[in-house]
Amino acid sequence: MALGRSIRILSHGFVLFLLALSALAAPPPHGHISGRIVRANGSGIGGVIVQLGGTNKVALSNSSGAFSLDEVPPGTYTLTFIAGDQVATEENVAVAAGTTANVTKPVDWNLSVAETITVYSASRRTERVVDAPAAVTVASEEDIRAAAPTGQAPKIIESAPGVDFTQSGLYDFNFNTRGFNSSLNRRVLTLIDGRDPSVPFLGAQEWAALSYPIDEMASVELVRGPGSALYGANAFGGVLNMITKQPRVSPGGRLLVTGGDLSTRRADVRHAGTFGNETYYRIVGGWQQSDDFTRSRNAITEYPGLRREARPLALERDEIEFGGLRVDKHFSGGGGNVLTLEAGYASLEGPVFQTGIGRVQVTDVEHPWARANFNALHYNLAAYYDARKADNQIALASGAGLYEDSYNIHGEAQTFWDFFSNKSRVVLGTAYNTQHVDTAGPNGVQTLMDSAKSENQHAVFGQLEWNATNKVKLVGAARWDDSTLHDPQFSPKAAIVFQPTANHTLRYGYNRAFQRPNYSELFLRAPAGQPVNLSAIENAFKPFLGTTSLGFSAIPILAYGNSELDVEKIQ
């Protein structure tokens with residue numbers, strides 16, 4: 001308990017330190033360079049090294065070709081762009097104190113795919129995929145576009161190396177890396193712009209409530225292997241990190257209309273633009289109506305061996321609606337500071353999910369959410385709110401009505417610093433999370449637990465990278481999580497990355513991760529099937545019981561959680 005209090009004090013103190021630092025620091029007498037390196041058609045080129053002449057400052061372009069150089073003394077510079085054997089320069093780049101110099105560099109390079117792929121998720125910073133201290137798969141633009149008409153985001157990584165993937169309904173997907181898949185699998189932590197949209201009661205994703213057109217994703221990265229050292233609980237088999245497009249670099253509108261099998265009708269719309277004064281916005285929305293390939297099982301079943309259910313499907317069609325608004329404010333002053341405010345909403349009617357108590361159909365579910373992010377030169381502050389209000393769900397096996405009113409509030413602060421002429425980097429961060437789950441119905445009676453439950457969680461984490469030589473990089477990381485639902489967890493990570501040539505890497509890593517029991521596993525108390533009639537047994541004892549009834553004519557079948565469950569661990 002004393003250690004837990006210390007962690008909380010340290011995490012809160014770290015947040016206050018960053019806030020105070022940003023508030024008290026005087027504007028730097030330096031400038032800033034921001035830009036993109038692009039092909040002739042305007043598409044960005046990732047993985048390009050950008051060197052600032054006369055200094056030791058170096059940047060790496062991300063997947064959209066964007067790069068930035070901070071704390072640049074006033075003056076005139078030459079930028080050098082390097083990608084493998086390809087080299088280009090941009091001369092006479094003027095930087096003034098407190099301003100940002102914008103540079104767009106077009107090139108006609110012929111590069112291989114491996115030379116341009118960059119990732120963020122492995123180290124929480126942009127790096128070339130061959131430099132990352134973990135196995136990372138990056139979805140191609142073609143994969144993202146192919147999944148866009150369906151609205152089924154997991155299809156993007158269905159064929160990725162190491163993925164075990166199953167589908168039980170139109171939007172009921174389960175996947176894991178390196179095997180060990182299961183129903184309602186939550187061993188791969190899913191993030192959208194840093195927000196975890198999982199259902200609090202189950203910890204699993206409700207993919208129909210994604211709240212974005214699929215092709216609004218700028219990047220989709222899957223880190224295979226344990227990731228708790230940087231991401232905490234449930235980054236057990238990996239991390240699926242999805243990042244949407246910035247309004248600043250994706251202006252304009254688009255309308256996608258889809259029709260097809262299962263009487264599908266779908267429309268996605270987005271528009272991005274500017275209010276002026278370096279303020280940009282994006283509006284998204286969507287609607288879908290379709291049949292599903294689930295069938296009622298109360299009278300007949302699809303094949304022998306399936307049990308009949310107590311109730312037929314309440315809805316024969318799925319209907320999904322979503323919308324969202326994002327505003328980015330870019331601040332001048334040479335630091336590249338950006339404030340992002342975003343909110344969205346999704347509603348679901350009809351999807352069916354396979355759970356531990358049989359199939360459950362959601363007939364009225366709402367998902368409101370909001371997030372805020374402030375990114376500055378050496379730190380990032382983020383917070384989000386994610387909620388689920390299910391006014392009516394039906395457990396088809398038992399016929400019981402299920403309800404859920406839950407929310408998840410998360411805050412996080414992170415800082416990073418480079419040392420020894422950019423040969424070493426340290427990342428430090430702290431996180432706070434609180435969840436609340438209430439499954440009471442309109443009459444006030446709990447339908448999935450015996451009472452409402454809550455969790456508070458605190459964490460501190462850090463990572464140190466050191467380029468020992470031009471070909472060898474050493475990485476060490478660790479995280480400490482303290483929660484009111486489970487014992488404190490320590491998650492270490494270590495890796496050696498050896499790069500014998502520019503586009504080839506040998507990597508050895510050690511990771512330890514954990515998955516915490518969810519509310520369903522800990523506190524479940526719900527009907528799992530129709531009552532069983534055992535009156536024949538009672539009748540056999542009538543000579544001894546007389547008129548006394550044992551109530552064997554309707555024995556309830558209940559599913560119970562285990563509040564003594566420990567966390568699941570892997571290394």
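Along the sequence shown, residues carry numbers from 1.
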Peer 1: Can you tell me how the ring of Y281 sits relative to the ring of H271, calling it parallel under 30°, perpendicular over 60° and tilted otherwise?
Peer 2: tilted
Peer 1: With rounding to the nearest 0.5 angstrom, report the CG to CD distance, L396 to Q393.
Peer 2: 11.0 Å
Peer 1: Report the C-alpha distance between R270 and D268 in whole Å, list the side-chain angles of each, state the deciding distance to 0.1 Å, and finish with yes or no for salt bridge (charged side-chain N to carboxylate O under 4.0 Å, His left out).
Peer 2: CA-CA 7 Å; R270 65 95 65 183; D268 293 333; over 6 Å; no
Peer 1: Quick one: which of D292, N298, V352 gives a side chain to side chain contact (heavy atoms under 4.5 Å, CB included) with L313?
Peer 2: V352
Peer 1: Keeping N443 on the side-chain end and V445 on the backbone end, is there a donor-acceptor pair under 3.5 Å?
Peer 2: yes
Peer 1: Under 6.0 Å between ring centres: does that hold for Y280 and H330?
Peer 2: yes
Peer 1: How close do I357 and P527 get, heavy atom to heavy atom, and via which atoms?
Peer 2: CD1-O, 4.0 Å
Peer 1: Rounded to the nearest 0.5 Å, what's the gap from OG1 on T301 to CD on E309? Could you check?
Peer 2: 9.5 Å
Peer 1: Checking side-chain polar atoms at under 3.5 Å, does R525 have a donor or acceptor matched by the opposite partner on Q446?
Peer 2: no
Peer 1: First locate atom CD of E206, then atom CG of L348, and finally report the distance between them rounded to the nearest 0.5 Å.
Peer 2: 5.0 Å
Peer 1: So which heavy atom on L341 is nearest to which on A372, and how close?
Peer 2: CD2-CB, 3.7 Å
Peer 1: Going from NZ on K389 to CG on D405, what distance comes out if it is rounded to the nearest 0.5 angstrom?
Peer 2: 4.0 Å
Peer 1: Which pairs count as salt bridge (Lys or Arg N to Asp or Glu O under 4.0 Å) when at least one residue sits in residues 514-524, sequence neighbours excluded?
Peer 2: R186-E521, E455-R516
Peer 1: Is there a donor-acceptor pair under 3.5 Å between the side chain of R36 and the backbone N or O of S43?
Peer 2: no
Peer 1: Identify the heavy atoms of E404 and P200 that sit nearest to each other, and give their distance.
Peer 2: OE2-CD, 4.0 Å
Peer 1: Under 3.5 Å, is there a donor-acceptor pair between the side chain of T177 and the main chain of R224?
Peer 2: no
Peer 1: Any sub-3.5 Å donor-acceptor pair from R297's side-chain atoms to E302's backbone N or O?
Peer 2: no
Peer 1: Taking T447 for the side chain and Y403 for the main chain, is one N or O donor matched with an acceptor at less than 3.5 Å?
Peer 2: yes
Peer 1: Looking only at side chains, do T363 and N392 share a donor and an acceptor under 3.5 Å apart?
Peer 2: yes
Peer 1: Going by the side chain to side chain contact (heavy atoms under 4.5 Å, CB included) test, name the single residue among L210, I243, N241 that passes it with I192.
Peer 2: L210
Peer 1: Quick check with a 6.0 Å cut-off and a 45 degree axis cone: is K453 positioned over the face of Y519's six-membered ring?
Peer 2: no
Peer 1: If I compare all heavy atoms of D318 with all of D291, which pair ends up nearest, and what's the gap?
Peer 2: OD2-O, 4.4 Å
Peer 1: Just grab all the salt bridge (Lys or Arg N to Asp or Glu O under 4.0 Å) pairs involving residues 339-357, residues at least two apart or on different chains.
Peer 2: R282-E342, E342-R371
Peer 1: Check whether NZ of the Lys or CZ of the Arg R124 lies under 6.0 Å from the centre of the six-membered ring of Y231 and within 45 degrees of that ring's axis.
Peer 2: yes
Peer 1: Should S121 and E221 be marked as a side chain to side chain donor-acceptor pair (under 3.5 Å) after you check the CA-CA gap, both sets of side-chain angles, and the distance that decides it?
Peer 2: CA-CA 7 Å; S121 309; E221 300 176 7; 2.7 Å; yes
Peer 1: I would like to know whether N277 and T279 meet side chain to side chain donor-acceptor pair (under 3.5 Å); could you show each step before the answer?
Peer 2: CA-CA 6 Å; N277 195 29; T279 303; 5.0 Å; no
Peer 1: If you look at every heavy atom in Q361 and L315, which pair is closest and at what distance?
Peer 2: NE2-O, 2.9 Å
Peer 1: Quick one: do the E366 and S347 side chains pair a donor with an acceptor below 3.5 Å?
Peer 2: no
Peer 1: Going from CZ on F175 to CG on N185, what distance comes out if it is rounded to the nearest 0.5 angstrom?
Peer 2: 8.0 Å
Peer 1: Which residue pairs pass the salt bridge (Lys or Arg N to Asp or Glu O under 4.0 Å) test when at least one of the two sits in residues 230-254, sequence neighbours left out?
Peer 2: D215-R254, R248-E278
Peer 1: Taking the side chain as everything from C-beta on, heavy atoms only, tell me whether Q435 gets closer than 4.5 Å to Q457.
Peer 2: no
Peer 1: Can you give me the closest heavy-atom contact between V269 and P213, atom names plus distance?
Peer 2: O-CG, 4.1 Å
Peer 1: Looking at OG of S296 and CZ of R311, how far apart are the two atoms once the value is rounded to the nearest 0.5 Å?
Peer 2: 10.0 Å
